[in-house]
Amino acid sequence: MRMSKLLVPTLREVPSDAEIMSHKLMLRAGYIRKLAAGIYSYLPLGLRSERKAEQIVREEMDRAGAQELLMAALLPSEVYQASGRWEVFGDNMFKLKDRNDRDFCLGPTHEELFTQTVINEVRSYKEYPMTLYQIQTKYRDEARPRFGVMRSREFVMKDAYSFDKDEKGLDESYRKMYEAYCRIFKRMGLDFTIVDADSGAMGGSGSQEFMVKSPVGEDGIAYCDACGYAANYEKAQCIPTKKEYPEGDLSLEKVETPDVHTIEELVAFFGTEPYVFAKTIIYKADDKYIAAMVRGDREINEIKLKNLIGCVNDLELAEPFMVRQLTNAEVGFAGPIGLDIEVYVDLEVAQMKNFIIGANETGYHYKNVNINRDFTPDTVADIRVITEGDICPKCGKPIKTTQGIEVGHIFKLGTKYSKALGLNYTDESGEPKVVIMGCYGIGVTRCIAAAIEQNYDDNGMVLPVALAPYHVIVVPVNNKDEEQMKLAEEIYNNLNEQGIEALLDDRSERAGVKFKDADLIGIPLRIVVGKKCNEGIVEYKLRKDEKPEEKTIEQAIKDAVSYIKSNL
Ligand code: ATP
Ligand code: MG
C-alpha cells in the first residue's frame, strides 16, 4: 500500500479525553475514531490490526477442534428471560423494542443462544463433545466506558461454548481451550498471567482469567513468586493476620467523637492504629440492606460479599437517607450493636478484641467492643481485599499484587444454562442426562489495546509483528529523487511478492515527518532509501531498536523477510 493513498489521519496533539497510552496512541495513529462514549469506528490501520487478532484467534480455535458459526447480534428477549439474565444484566444490556412492541436486546454474550442452537440442532449424544465459537460484535452498556477500546460499549469478542456428556468431558474441553488461549496470547506477543477467577454465586466449578499485567489494568491480581499461585482479587483467599489488642475483658464504653467520621480522623482522635477499629458499611443487596465489617485498615471485596450473600445484582452502597434510617445516625457512625439488619463480619474482625466501632449515634463510638459479648455476627467469612503483606494461601510466603487487563476468560459453567433451558440428551443406556457446558471468551479488540499498553515508547506504538497493520515501511528520503524512488519501489514490490505486507511512503513530505509517522503507527521494520542508494546501501531499522543499520539492498530484503516470517 502507498502511504499517499492510505487513510491514516495521524494527529500531533493528544486528544484530551484519552487517559491511557493505548487509547491516546490509537487515536493519534489514526487507528480509531470515537463516535460516542465507548463506541468507536476502526479506520484502515486499526481494522487491519483487529483482523489480525481475529485471525490468530480463529486459527487457534480451529486447531483446537472448535467450529465457527455466526449468530445474530440483535436478539429476541425470550431466551434471556428463560435464563433469568434479562433481569440480571439490567442496565448493562441494550434493550429495544421492534415495531410490534416485542422486546429485543443487542447481545452482550451468547450462552443462551448457543444452548438453544444445540437444543434445536444436535440430534444425538454421539455429537458430543462439541465446541462452537463465533467472532462477533458484543454490546454492553457499561457503567463507565473508558480507555478507548479497552472498555467500550461495542466490542469484538470471540465467544466459544463447549458441550459435553459429563464432567470429565468438560475437563478435557476446558483444557483444550486453556491451551489454545496460551497459544493465542503468545502469538499476539502479550506478556500474560493466568489467574484463578471467581466463578460467581451462580455455580460453575472453575474459572481462570488471562491477564496482561499493566498498571492501567482494572483488575487486581494477587500472586506468589515462590509457588506460582495467582488469583484475581475476588478469588484470592485472605489468611487473617494477627494484631495485638489490649488484654482482658474490658467493659464497653461509649465515647463522644464529635465530627470524627473517617478512619484517618478516628486514628488521630484516639491516637491509635487503624487496625484497632472495625468499620461497618451498609449495602443495598437486591431488595434488602445488610451491614459488612472489616478491620479499619482493610477494604471490603464487594464481589466476595455479593457471592456470599447470593444476590443477583451488584452491591450498592446504601443511600445516605437509608443509612440514617437504619442506624439513626449520620453516615460515619454505623456499627453492629443494635443494628436490625444482617451483619457480615470478616474473619479478621472475628479475631479482634477490645476494639472500636461506630455507635449508631451521631458523634459517638464504642470502645472495648468484643464479639459475641456485645453483638453477634450473622455470618463470619473472608470478605476483604487481599493486599501486599498478606501471605500466600498456598505456601505462606508473602503475596504480591499488581493490576491486570483481562483479555480472556475460561469458565466451567456446568449445567447452569443447560438446566435453565432444557438441554438434555439420552445416553447409550437410554437414560436422560443434562449436557455439561463451558464458556470461553476473548476480548479481541481489547487485545490490541493491551498489546499497545505493553509495547510503546515516546514516539508511538511498537506493535508485535503479528498484530501490526503492516510489517515493513519503505521510506525514500526524497521522493523527488528518481533513483531513490525507483529503488524504493523495487524493494516494496519485492517484499510484497514475498508475502510481506509492505507500505511505501511515497508522500512528498520531509523525511523527518515520514519517520515520525512510521514510528507513531508502530510498523515493526523500516527500510530507508537515501543518499547511499547509488552504492546499493539502505538503512534497516527495527522499530524496537534504537539505531539503524546499513545493509546492502539484497541483505535488507532477505533479513526483512526472515525477521517478519519468524515473528508471525
Ligand atoms: P470485565 O470484568 O473486564 O468487565 P467481563 O468479565 O465482564 O469483563 P466476560 O464476560 O468474561 O467479560 O467477556 C469475555 C472477554 O470480553 C473479557 O475477558 C474481555 O477481554 C472482553 N470484554 C468484556 N467487556 C469488555 C468491554 N466492555 N470492552 C472490551 N472488551 C471487553
Ligand atoms: Mg470475565
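Each residue takes its place number in the sequence, starting with 1. Just so you know, these numbers use all the heavy atoms, side chains as well, and skip hydrogens, waters and symmetry mates. In this text, all values refer to a predicted model and were calculated from it rather than measured experimentally. Note that ligands are numbered from 1 as they come in the structure, with each ligand's atoms numbered from 1 the same way.
Contact record, D390 with I239: OD1-O, 3.7 Å, taken as the closest heavy-atom pair. Listed here is the closest heavy atom pair of Y174 and Q208: OH-OE1, 2.8 Å. What you find for I32 and L27 is that their closest heavy atoms are O-CD2, 3.6 Å.
Of the residues M150, K138, R446, the one that meets the side chain to side chain contact (heavy atoms under 4.5 Å, CB included) test with F155 is K138.
For a distance threshold of 2.8 Å, the protein N, O or S atoms nearer than that to the Mg ion (ligand 2), listed by chain and number, are E406 OE2, H409 ND1.
A cation-pi geometry, defined here as NZ or CZ lying under 6.0 Å from the six-membered ring centre and within 45° of its normal, does not hold between K95 and F89.
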Derivation and outcome, salt bridge (Lys or Arg N to Asp or Glu O under 4.0 Å), residues R85 and E112: CA-CA 9 Å; R85 288 213 291 186; E112 287 85 348; 2.7 Å; yes
Evaluation steps, side chain to side chain contact (heavy atoms under 4.5 Å, CB included), between E209 and T193: CA-CA 8 Å; E209 286 168 351; T193 312; over 6 Å; no
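Using a heavy-atom distance under 4.0 Å as the criterion, the protein contacts of ligand 1 are R140, E142, V149, M150, R151, S152, F155, M157, E406, V407, G408, H409, G443, R446.
Judged by distance alone, the side chains of D141 and N92 never bring a donor and an acceptor atom under 3.5 Å apart.
Between the side chain of N232 and the backbone N or O of E234 there is at least one donor-acceptor pair closer than 3.5 Å.
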